[in-house]
2 protein chains.
Amino acid sequence: MAGDDEKSSVFGDQAGSVELLWGGRERPSRGPKPALSLERITRTAIALADAGGLGAVSMQRVAGELDFTKMSLYRYVPGKSELVALMIDMAMGEPPAAPSPEAAGRPGDGGWWRVALREWAEALAAVYHRHPWLLGAAVGPRVMGPNELGWTERAVAALADTGLTGGEQLDAVVVVNGHIRAIAQVSASMGLDSARAKEPEQVMSAALNELLVGRTDRFPAVSAAVASTGADDTSRDQAWEFGLERILDGLEAYISRGRRG
Amino acid sequence: MAGDDEKSSVFGDQAGSVELLWGGRERPSRGPKPALSLERITRTAIALADAGGLGAVSMQRVAGELDFTKMSLYRYVPGKSELVALMIDMAMGEPPAAPSPEAAGRPGDGGWWRVALREWAEALAAVYHRHPWLLGAAVGPRVMGPNELGWTERAVAALADTGLTGGEQLDAVVVVNGHIRAIAQVSASMGLDSARAKEPEQVMSAALNELLVGRTDRFPAVSAAVASTGADDTSRDQAWEFGLERILDGLEAYISRGRRG
DNA sequence: CGAAATAGCGTCCATCGGATACAGTTTCTC
DNA sequence: GAGAAACTGTATCCGATGGACGCTATTTCG
């Protein structure tokens, strides 16, 4: 029968990733000592990805960077997808510590959970800013690593005492996470263009403007919106702040009204 | 000087995509008539991607599907990235028509913009459901195609009369779009696993459960949340509905309070 | 002291995106 | 009409990629 592993699992193709990410494989006793380590390989791959994107990560280059041959890496990693999974989890790193319970802020700020979730979101955005390739690496069917699950744990923990259902807590984390990724997506589109690292807002407007010139009749609403932003000063991270505030407002309203409706 | 094209542009590497997506290149008069067409090539590539993901799209396979050689495609498309750009825009398709102004719903539903934005979101989610590879294709620096900009136009138009700033309108669209993509991301992780297409919520819980077994002490909040959802019935698209409602609530509150705060 | 298990390497392969050069076809100009 | 010019499709070639396989050297256990 198919899938006759030790125990049946929902992780069909990704058993290797699960083992690498979660199983601390003990060193076998016999045989030569390994000269490399998963950690060193992964760290090198991350450095390559940070410098040149995910496309710059190949087995050859990683091995070359370590002064080893390509095939030697396969003694440590079953394949490239598993290496990418390790890269993702290592690049995520440890989630930030939860803020102290006294950091509840002024009444009307929404309580401790809102402060905690905002700090969490900012830290996660910083991770995406440090490793833009994470956006492209984390698509498709994946298995969560310990660090990634640790991030989720922190966010869910922030919402544990809000009265939200367990499912609602998870759903809320998905929303906030989605916003972080969406903004990081837009921001990442800019940095690679050139050295003139303008604000994301401005570059997006510039790109839109160039497309819209002579086509304002076809896209009147976007044209009007872009034209109006061109005038006043668009403060940094405006989209980030606006979206996060709207999401947190929506959550706060739902929480404070006792989850009805 | 660098970038000495006809006119300076913010689209450095993607001039080819811009021309293909936006410029209707007229057929040259001399020479044999092309046997293929951009439209046919793109449609074939989309079919391959729908069937086997973005990885199943190679020049060879697209050409083979059309009974042509690989290199003949390069008479129509400068490179693969441009083909992917065309695929994205064609797969997006035309945005849905805006709902009639009478569809404002009952007072308290938030007005016409909320209905329009919800319909827009549902249509966009359907697109991602039809073409899951869009999630992976639309990462990194990209140039918007006409259809994609058309979708944005519709969403911004829905918010045009809300009193929101132009920038706020664009930011709001980013938030909703981010949520759609986040949910599609989770949903896409499921379908490929096997034929047993459970609800996304359940599969996510199953995957989490398998990781959490024996580790509930390390991830107490997630464990508790998952355990509580395992009991009661998780209705379909719960995460989708929850997140969208929270976002729209947040927008509505901001709009109805006159954009203060 | 073998025997077993492991680590790194060399070789080979299919496939990928793409450059280049070339033969056949259509149309414009003289 | 007769080039010449422009264009289409193709054949060949290249470097790079992920990965399979087998070999040799090393370490440890019986």
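All chains are named by letter (A, B, ...) in the order of the sequence lines, taking the proteins before the strands, and each is independently numbered beginning at 1.
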task: Go through D/dT10, D/dA20, D/dG9 for me and flag the one nearest to the B/Met71 side chain.
output: D/dT10
field: Interatomic distance where CZ belongs to B/Arg75 and P belongs to D/dA11 [whole Å]
entry: 14 Å
query: Looking only at atom types and distance, does a side-chain atom of A/Arg181 sit under 3.5 Å from a main-chain N or O of B/Gly178, one as donor and one as acceptor?
result: no
- prompt: Can you find a side chain N or O atom of B/Ser72 that sits less than 4.0 Å from OP1 or OP2 on D/dG9?
  reply: no
query: Can you tell me how far P of C/dA7 sits from CD1 of A/Ile41, to the nearest Å?
result: 11 Å
message: Could you tell me how far apart B/Leu66 (CG) and D/dT10 (P) are, to the nearest whole angstrom?
response: 11 Å
message: Within this structure, what is the OG-CD distance for the pair B/Ser223 and A/Glu153, rounded to the nearest 0.5 Å?
response: 6.5 Å
query: Near DNA chain D, which residues from residues 28-36 of chain B have a heavy atom under 4.0 Å away?
result: B/Pro28, B/Arg30, B/Gly31, B/Pro32, B/Pro34, B/Ala35, B/Leu36
field: Heavy atoms from other residues, nucleotides or ligands near CD of A/Glu122 exceed 12 (cutoff 6.0 Å)
entry: yes
query: Side chains of B/Leu20 and B/Leu83: does their closest heavy-atom pair fall under 4.5 Å?
result: no
query: Is there a side-chain contact between B/Trp120 and B/Ile180 (heavy atoms, below 4.5 Å)?
result: yes
message: Expressed as a whole number of angstroms, how long is the span from B/Glu26:CD to D/dA6:C1'?
response: 14 Å
query: Between atom CG in A/Leu73 and atom P in C/dA7, what is the gap in whole Å?
result: 13 Å
Atom of B/Arg154, atom of B/Pro96 and distance for their closest heavy-atom approach: NE-O, 2.9 Å
Between the protein and nucleotides 14-18 of chain D, which nitrogen or oxygen pairs are less than 3.5 angstrom apart?
from	atom 1	to	atom 2	distance (Å)
D/dT17	OP1	A/Ser58	OG	3.1
D/dT17	OP2	A/Gln60	NE2	3.1
D/dG18	OP1	A/Lys80	NZ	2.8
D/dG18	OP2	A/Met59	N	2.9
D/dG18	N7	A/Lys70	NZ	3.4

message: If you count every heavy atom of other residues, nucleotides or ligands that lies below 6.0 Å from B/Arg61 atom CZ, does the total exceed 12?
response: no
Nearest atoms (heavy-atom pairs only) where B/Asp50 meets B/Arg130: OD1-O, 3.7 Å
- prompt: Quick one: B/Leu83 CG to C/dC16 P, roughly how many Å, whole number?
  reply: 14 Å
- prompt: Hey, what do you get for CG (A/Asn177) to OG1 (A/Thr152), rounding to the nearest 0.5 Å?
  reply: 7.0 Å
- prompt: Between C/dA7 atom C1' and A/Arg27 atom CZ, what is the distance in whole Å?
  reply: 10 Å
task: State whether A/Tyr76 places a side-chain N or O below 4.0 Å from either non-bridging phosphate oxygen (OP1 or OP2) of C/dG8.
output: yes
